[in-house]
Amino acid sequence: MKKLCFILGDQLNESLASLMTIDKQQDLVFFCEVKEEATYVVHHPKKIAFLFSAMRHFAQQLAAQGYKVRYTKYTDEDNCGSFNTELEKVIRAEHITEVHVTHPGEWRVLVNIKQLSVPVIIHEDTRFLCSLPEFDNFAKHKTQLRMEYFYRAMRKQHNILMSHGQPLGGAWNYDKQNRKNANHIKNFTERLPHSVDAITAEVLELVAQHFSNHFGTLQPFNFAVTREQALHEAEQFITADLAYFGDYQDAMLANEIYLFHSRLSFYLNAGLLLPLELCKMAEQAYLNGLAPLNAVEGFIRQILGWREYVRGIYWLYMPAYAERNYFGADLPLPKLYWGGPTKMFCMQEVVRQTKQAAYSHHIQRLMITGNFALLAGINPQAVCDWYLAVYADAYEWVELPNTLGMALYADGGVMASKPYAASGNYIKKMSNFCKSCKYNPDDLLGETACPFNALYWNFIGKNKQLLEKNQRMHFAYVNWNKMSADKQTAIKNKAQEILLGIQNESI
Ligand code: FAD
Ligand code: DLZ
Ligand code: SF4
């Protein structure tokens with residue numbers, strides 16, 4: 001019997017369960033760069049370059065440890081272009097009798113890989129802290145799932161920020177302290193430089209040649225592409241930025257992409273870093289007095305709570321989840337998401353940052369591009385394809401629940417207890433964007449009124465039947481119901497004018 005361990009581009013870790021089951025001397029490890037994966041959405045060139053370079057470095061590392069590694073490069077002449085065609089080729093050539101793979105991160109890949117001509121053994125992805133059966137068990141018999149209760153159970157189970165069975169500091173969550181804007185802050189940590197070695201240089205040339213038609217700029221390229229480099233990124237975050245992570249988690253600034261965010265999602269999701277080690281590093285920083293509890297708890301909640309929770313939701317509800325469209329939203333994705341002209345400074349700036357860095361921090365994804373798509377009624381599947389393409393940390397297991405569920409409420413409340421809908425006032429409070437904008441965030445109906453305002457109230461009015469009974473929407477409907485019929489009509493007309501303007505690129 002000869003086994004093949006197939007390692008996907010987002011599984012670059014030595015602890016993989018599928019690697020543990022093979023015999024180094026006899027069995028094969030296989031990686032492949034294929035057109036189907038690189039083009040099923042128009043991935044950002046930085047995302048493709050990061051993954052191909054990280055895959056090649058990891059393959060080299062395994063070969064140096066004595067594994068028998070076979071690697072198909074994107075430009076190999078006989079590259080068949082998809083996972084399964086490449087796998088069948090190796091199965092035939094190497095007389096493989098069994099394929100071992102760690103649970104893929106996307107439904108579509110899981111379904112396809114089971115079609116191979118030899119038995120396929122799917123191993124649990126032990127990088128995650130909550131296994132899929134454990135999540136099913138958490139979800140069983142509950143009428144409504146909420147992240148907060150899942151998170152508390154995870155804190156207890158993994159004994160993180162706990163003392164004698166109680167949360168450190170006496171509370172589970174310090175989110176109320178984490179809502180400051182950062183308009184007064186001028187200095188942020190300089191990014192670590194990562195040198196471009198021969199492997200990365202070859203990949204950059206390949207990506208420039210084959211993917212220049214994809215949205216996004218390839219250069220400058222400064223991603224960590226090995227575990228060692230990713231660990232340096234993590235250490236830099238813990239020592240320089242973690243202390244401020246909580247306070248400024250929701251703040252947004254023009255020309256400042258990262259603020260105090262960790263920018264570690266690329267490395268976590270690709271396998272270069274592990275979630276538990278990051279939680280432990282953050283906990284230790286608190287115990288050493290390097291960062292306050294609100295910051296450390298906030299950071300740990302994202303990883304131990306949200307990240308594990310969205311994965312559980314994805315696998316619990318797929319494949320039907322991807323089709324959900326609670327509001328029946330059907331507007332095509334406007335060109336401004338691909339850098340088309342817009343006078344809305346916030347949208348222009350977030351799309352610009354995204355194009356440059358293949359990154360945008362959580363609040364920008366949720367409250368700018370996500371909020372706008374929700375209010376304008378853009379088709380959820382089109383929005384999800386955009387998020388999957390443009391962010392270098394995007395894989396469907398994490399992108400879909402965040403976009404379709406959290407940002408668009410298209411799942412009708414599985415992920416979020418209410419839609420994250422907001423008017424221009426929120427953006428004015430949490431960013432410095434409005435100061436550079438042609439629109440006025442305090443105006444609802446005038447010529448220069450912020451488009452988010454009429455779209456927000458139009459969304460509230462239009463979806464009254466679906467949302468009014470939600471307790472958390474109470475104040476919005478008290479205010480909507482207080483408005484005169486004339487004002488409500490004026491809002492609807494203004495929103496129609498804006499929606500038309502979005503299509504003809506005059507907004
Ligand atoms: P930090 O703010 O420093 O947070 C620390 C870590 O916590 C992140 O690295 C990430 O691993 C984890 N995390 C934080 N929030 C979430 C969350 N909501 N879900 C899962 N993990 C979380 N995250 C992705 O990794 N891939 C995606 O494709 C993705 N798509 C998103 C789409 C939308 C519409 C929204 C609202 C959020 C999305 N997120 C996604 C979650 C979040 O925005 C990113 O994880 C975060 O911005 C990554 O930057 P960071 O590493 O600096 O995170
Ligand atoms: C995102 C991506 C891209 C662009 N290319 C490849 C590839 O050529 N080979 C590969 O193994 N993985 C790639 N990936 C990551 C996969 O899309 C990801 O592993 C699956 O979607 C499962 O999450
Ligand atoms: Fe965005 Fe409105 Fe502020 Fe302009 S005024 S930046 S459109 S929120």
Side-chain angles (χ1 to χ4, degrees), residues 6-11 31-41 43 47-48 51-52 55 72 74 83 86 104-106 108-110 147 237 241-242 245 249 258-270 273 275 278 298-311 342-349 359-370 372-373 383-384 387-388 391-408 415 420 423-428 431 433-443 448-453 507:
F6 178 42
I7 300 187
L8 289 154
D10 55 353
Q11 300 183 335
F31 297 82
C32 59
E33 299 166 3
V34 290
K35 189 167 183 180
E36 190 171 79
E37 276 321 282
T39 57
Y40 79 99
V41 289
H43 297 288
K47 178 181 185 180
I48 302 175
L51 274 184
F52 284 6
M55 283 168 71
T72 303
Y74 193 80
F83 285 152
E86 271 302 300
E106 302 199 351
R108 127 199 103 75
V109 178
L110 179 67
M147 199 292 288
F237 167 71
D241 290 339
L242 175 62
F245 176 85
Q249 205 178 334
Y258 306 102
L259 287 93
F260 300 108
H261 289 271
S262 70
R263 67 263 157 203
L264 295 176
S265 51
F266 318 120
Y267 313 125
L268 264 175
N269 295 351
L273 297 175
L278 283 181
F299 179 71
I300 287 175
R301 177 157 25 91
Q302 307 311 318
I303 294 179
L304 190 62
W306 280 112
R307 187 170 184 274
E308 299 287 329
Y309 185 73
V310 300
R311 176 180 184 249
T342 175
K343 289 185 283 199
M344 290 180 286
F345 183 81
C346 53
M347 289 293 286
Q348 186 195 68
E349 176 62 8
Y359 176 92
S360 184
H361 72 68
H362 184 69
I363 289 301
Q364 303 199 147
R365 297 188 205 194
L366 185 65
M367 301 309 293
I368 306 291
T369 41
F372 185 78
V383 181
C384 289
Y387 276 94
L388 194 56
Y391 293 115
D393 56 20
Y395 307 90
E396 204 181 60
W397 67 266
V398 54
E399 174 277 323
L400 192 71
N402 270 300
T403 310
L404 187 140
M406 196 186 304
L408 302 179
M415 269 289 289
Y420 282 92
S423 67
N425 192 40
Y426 175 88
I427 298 169
K428 178 180 134 185
S431 77
F433 294 160
C434 302
K435 286 186 189 136
S436 307
C437 190
K438 293 204 165 60
Y439 293 114
N440 176 0
D442 300 321
D443 189 0
T448 58
C450 166
F452 279 81
N453 293 342
I507 290 293

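Position 1 is the first residue of the sequence; numbering continues from there. Both ligands and their constituent atoms are indexed starting at 1 by order of listing.
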Under 4.0 angstrom from ligand 1, any heavy atom of Tyr391?
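The answer is no: ligand 1 sits nowhere under 4.0 Å from a heavy atom of Tyr391.
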Using heavy atoms and a 4.0 Å limit, tell me yes or no: is Pro401 in contact with ligand 1?
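Pro401: no contact with ligand 1 (<4.0 Å).
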Would you say His361 has any N or O atom under 3.5 Å from an N or O of ligand 1, going by distance alone?
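No, there is no polar N/O contact under 3.5 Å.
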Mind checking whether Phe245 contacts ligand 1 via backbone (N, CA, C, O), side chain (CB onward), both or neither, at a 4.0 Å heavy-atom cut-off?
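The answer is the side chain.
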Taking ring pair (Phe, Tyr, Trp, His ring centres under 6.0 Å) as the definition, give me every residue that meets it alongside Tyr258, ordered by chain and number, with sequence neighbours left out.
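For Tyr258 the ring pair (Phe, Tyr, Trp, His ring centres under 6.0 Å) partners, ignoring immediate neighbours, are Tyr359.
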Which atoms of ligand 1 are found less than 4.0 Å from any heavy atom of Arg263?
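Once the distances to Arg263 are compared, the set is 50 (P), 51 (O), 52 (O).
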Can you name the atoms of ligand 1, numbered from 1 with element, that are less than 4.0 Å from a heavy atom of Tyr359?
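Reading through ligand 1 atom by atom, the close ones are 49 (O), 50 (P), 52 (O).
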Nearest heavy atom to [atom] wins, so pick from [options].
atom	options	result
atom 46 (C) of ligand 1	Arg365, Met147, Glu396, Glu399	Arg365
atom 14 (C) of ligand 1	Met367, Gln302, Met406	Gln302
atom 16 (C) of ligand 2	Glu37, Met55, Glu106, Glu86	Glu37
atom 41 (C) of ligand 1	His362, Arg301, His261, Glu308	His362

Using a strict 4.0 Å threshold on nitrogen-to-oxygen distance, state whether Arg108 and Glu37 make a salt bridge.
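Salt bridge between Arg108 and Glu37, a charged N being under 4.0 Å from a carboxylate O: yes.
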Taking both backbone and side chain into account, is any N, O or S atom of Cys450 nearer than 2.8 Å to atom 2 (Fe) of ligand 3?
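An N, O or S atom of Cys450 is closer than 2.8 Å to atom 2 (Fe) of ligand 3, so yes.
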Proximity of Cys437 to ligand 3 by residue part, where a heavy atom lies under 4.0 Å
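Only the side chain of Cys437 comes within reach of ligand 3.
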Cation-aromatic face contact Lys428/Phe345, 6.0 Å, 45 degrees
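Ring-cation test returns no.
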When you measure from the heavy atoms of Tyr74 to every atom of ligand 2, does any distance fall below 4.0 Å?
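No, that is not the case, since the closest heavy atom of the residue is not under 4.0 Å from the ligand.
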Numbering as shown, the atoms of ligand 2 that approach Cys32 to under 4.0 Å (heavy-atom distance)
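Answer for ligand 2: 7 (C), 8 (O), 9 (N), 10 (C), 11 (O).
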Starting from atom 19 (O) of ligand 2, find the nearest protein heavy-atom neighbour and note its residue, name and distance.
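Checking every protein heavy atom, the shortest distance to atom 19 (O) of ligand 2 gives Asp10 OD1, 2.7 Å.
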For atom 5 (S) of ligand 3, the protein heavy atom that lies nearest, with its residue and separation
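In this structure, atom 5 (S) of ligand 3 has Tyr439 O, 3.6 Å as its nearest protein heavy atom.
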